[in-house]
J.: 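Below you'll find the structure I mean.
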Amino acid sequence: MSDVRLRGFGWRHAGRRAWAVRGLDLDIRHGERVLLLGPSGAGKSTLLGALAGLLPEDSGESEGTIEIDGLDPRKARDRVGIVFQDPQTQLVMARSGDDVAFGLENRGIPAADIWPRVSDVLDRVGFPYPINRPTAALSGGEAQRLALAGVLALRPGLLLLDEPTANLDPPGADLIRSAVARALDPTTTLIIVEHRVAEVLSLVDRVVVLEPGGGVRADGDPEMIFTAYGDKLAAEGVWVPGFDFPTVPSSRSTTDLLVRAEQAAVATRLAPVSIHAAAGEIVAVTGPNGAGKSTLALLLGGLLAPTSGRITAFDDKRPPHRWRAATLAARIGSVFQNPEHQFVTGRVADELALGPRRIGRSPAEITRIVDDLLQRLRLDRLAEANPYTLSGGEARRLSVATALATAPRLLVLDEPTFGQDRRTWSELADLLAALRDEGHGIIAVTHDETFVRTLADRTFPLGVPAPAPLPRRSRP
């Protein structure tokens, strides 16, 4: 059991002027199931990190109080389990089963009980591989399932989930929600951040909406909240059930062929696939977790060499992975599934300036490009911030902005709408539609069905991967 109490709580990351969250008064009782909502940057992930006792004192400034069963969160860590937005950050072992067992061993669970518990939680989250599967070989969605299994195995009194289905295909997301529902006993407290609001409502009995800049915007029964505040919350960026987006068709026909894959494959990661994209179209690459979508994005973006088949682009005789860095940056912009993997500087503005500088833009041009992208993607107030302190939605917008900074003709985007609130999702969709109509080609790997329905001119479903060997659930 875990009881949560906050009084005037606030947190500001080091080097930031604005508070991530401030003036927060909130009580959550044992066994409550809370859906935490709010626009991108409202402090949802920061609040979960604070509740988990994971905000180091030397990494920011705090005010007010926050307690778990009357204890400082740093002293209550054994009562709390958290799944982060990026599951790769909490995988610590080389083999999947060992990763789930790691927390149990650290908690001093008897050895005879550890592996039956590991087997149970891996089955419940639908993990499809033997326990000796290398964690480095997992897709983003598979890593998400493994991270959740590691937390559920600990049977925490307070379970914190930060967008637990964000990188999962729809069946996988259903499986995770079912696993969470089965894992919760009547005394387990749940706080979940999730943009797939309609799908997660069956798990919760209360909705709390954070106000950007501080405090609680709304708090109460889900039906009451969405009935009384639905229009206003949707306008402010909250994903309110029933508010959809119209289709945005292309205003022009496709022209030049920009990239083509012919039976391109990567050993153990991607079966042979043929795909192409032209200027003036958005191609959505869909398919189940583990099918190789992110690997395909790396191939098409010139960031990985195929082990068989070939990739051709821009009428160049050389494959993209053999181009000079400046040539690649000018022609193809890539966004990785995990935005932090492509950040290399300590300031948001410097991150945006890096690409234009690499291709030889003048200082005046670089300043204009950076200022324009900061404004277009609502990052202007974060120009001086460290990219690694951004929320998930802000980090995703920055990664998209870095891809746009060199004005490439082709964009290869891996989950471009991940972590966006309703307003920033709409603005990002409008931006991509405008780029398409200006003659850019866009390939988007996505599980976002709204993105596919609203923006995609073509859908390329990547095949189901070959069946994995039967799982070995006993200790190796």
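FYI, side chains are in, hydrogens and waters are out, and symmetry mates aren't considered; it's all heavy atoms of this structure.
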J.: Output yes when a side-chain donor or acceptor of D169 lies under 3.5 Å from a complementary backbone atom of G287, and no otherwise.
T.: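 Not confirmed, D169 side chain does not pair with G287 backbone.
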J.: Can you tell me if R33 uses its side chain to pair, donor with acceptor, with the backbone of G31 under 3.5 Å?
T.: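 Yes: the side chain of R33 pairs with the backbone of G31.
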J.: I'd like to know if R74 and D72 make a salt bridge, using a cut-off of under 4.0 Å between side-chain N and carboxylate O.
T.: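 Result for this pair is yes, salt bridge flagged.
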J.: Can any side-chain N or O of T424 pair as donor or acceptor with the backbone N or O of Q420 at less than 3.5 Å?
T.: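 No.
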J.: Can you tell me how far the CD atom of E351 sits from the CG atom of L390, to the nearest 0.5 Å?
T.: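 With rounding to 0.5 Å, CD (E351) is 9.5 Å from CG (L390).
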J.: Could you give me the CA-CA distance, side-chain angles and deciding distance for L296 and V285, then say whether side-chain contact (heavy atoms from CB on, under 4.5 Å) is met?
T.: CA-CA 9 Å; L296 176 60; V285 178; 4.2 Å; yes
J.: Among R458, H276, H440, exactly one meets side-chain hydrogen bond (donor to acceptor under 3.5 Å, both in side chains) together with E281. Which residue is that?
T.: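 For E281, the side-chain hydrogen bond (donor to acceptor under 3.5 Å, both in side chains) test succeeds with only one of R458, H276, H440, which is R458.
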J.: For W11 and S59: C-alpha separation, side-chain torsions, deciding distance, then whether side-chain contact (heavy atoms from CB on, under 4.5 Å) applies.
T.: CA-CA 10 Å; W11 176 267; S59 68; 3.5 Å; yes
J.: In Å, rounded to the nearest 0.5 Å, how long is the span from CG of L36 to CG of D162?
T.: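 Result: 9.0 Å between the selected atoms.
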J.: Is the cationic atom of R133 (NZ for Lys, CZ for Arg) positioned less than 6.0 Å from the six-membered ring centroid of F127 and within 45 degrees of its normal?
T.: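 Verdict for F127: no cation-pi partner in R133.
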J.: Can you tell me if R436 uses its side chain to pair, donor with acceptor, with the backbone of G280 under 3.5 Å?
T.: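 Pair absent, no side-chain N/O of R436 close to backbone of G280.
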J.: Under the 3.5 angstrom rule, does the side chain of T459 hit a backbone N or O of A284 as a donor-acceptor pair?
T.: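 Side chain of T459 to backbone of A284, a donor-acceptor pair under 3.5 Å: no, none is there.
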J.: For V100 and L146: C-alpha separation, side-chain torsions, deciding distance, then whether side-chain contact (heavy atoms from CB on, under 4.5 Å) applies.
T.: CA-CA 7 Å; V100 177; L146 185 63; 3.5 Å; yes
